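Not measured: the values here are computed from a predicted model.
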Amino acid sequence: MEKIKNGDSIVYRNREGIVYGRPREIKSRGLIYTIRIGDEYIKALPSELSLATKHG
């Protein structure tokens, strides 16, 4: 998997969103990313994310 950075377009549970800020380390869960989908902010594990492919 490629490195996920702030501002990257990603897919989370068939919904496209943007990575918001830096990932945080949580002892009980590991690395957590904050994802912005519309007006929602969602916390997700790296295994739940995939980089969105650009159609062009």
Side-chain angles (χ1 to χ4, degrees):
M1 181 184 217
E2 296 179 41
K3 184 92 169 143
I4 299 173
K5 302 182 300 295
N6 183 23
D8 280 352
S9 186
I10 56 89
V11 176
Y12 170 75
R13 295 187 182 172
N14 296 325
R15 298 169 67 194
E16 194 163 337
I18 303 287
V19 175
Y20 184 81
R22 291 184 297 178
R24 288 170 177 61
E25 185 73 35
I26 297 177
K27 286 188 179 191
S28 62
R29 295 186 69 194
L31 202 60
I32 299 287
Y33 286 93
T34 302
I35 311 302
R36 191 177 102 218
I37 299 174
D39 291 337
E40 292 180 75
Y41 291 89
I42 298 164
K43 302 227 182 296
L45 296 169
S47 61
E48 298 175 308
L49 304 175
S50 61
L51 289 173
T53 56
K54 305 257 189 255
H55 297 288

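Partners of Arg15 by salt bridge (charged side-chain N to carboxylate O under 4.0 Å, His left out), not counting sequence neighbours, listed by chain and number: Glu40.
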inquiry  = I'd like to know whether Glu48 forms a side-chain contact (heavy atoms from CB on, under 4.5 Å) with Tyr12, so could you lay out the CA-CA distance, the side-chain angles of the two residues, the decisive distance to 0.1 Å, and finally the verdict.
reply    = CA-CA 6 Å; Glu48 298 175 308; Tyr12 170 75; 3.9 Å; yes

ask   = For Arg29 and Leu45, what are the C-alpha separation, side-chain angles and deciding distance, and is it a side-chain contact (heavy atoms from CB on, under 4.5 Å)?
value = CA-CA 8 Å; Arg29 295 186 69 194; Leu45 296 169; 3.9 Å; yes

message = Walk me through whether Ile10 and Ile18 qualify under side-chain contact (heavy atoms from CB on, under 4.5 Å).
response = CA-CA 6 Å; Ile10 56 89; Ile18 303 287; over 6 Å; no

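For the pair Ala52 and Glu16, the tightest heavy-atom approach, listed with the atom from each and the gap, is CB-OE2, 3.8 Å. When all heavy atoms of Ile35 and Ala44 are compared, the closest pair comes out as CG1-CB, 4.2 Å.
Atom OG in Ser50 sits 12.5 Å away from atom CZ in Arg13 (nearest 0.5 Å). The CZ atom of Arg24 lies 10.5 Å from the CG atom of Leu31; values are rounded to the nearest 0.5 Å.
Checking side-chain atoms of Arg36 against main-chain N and O of Thr34 turns up no donor-acceptor pair under 3.5 Å. Judged by distance alone, the side chain of Asp8 and the main-chain N or O of Val19 form no donor-acceptor pair under 3.5 Å.
Residues Val11 and Leu49 have side chains not in contact (no heavy-atom distance under 4.5 Å, counting atoms from C-beta outward).
Under a cut-off of 6.0 angstrom, the local environment of OH in Tyr20 is sparse, with at most 12 non-hydrogen atoms contributed by other residues, nucleotides or ligands.
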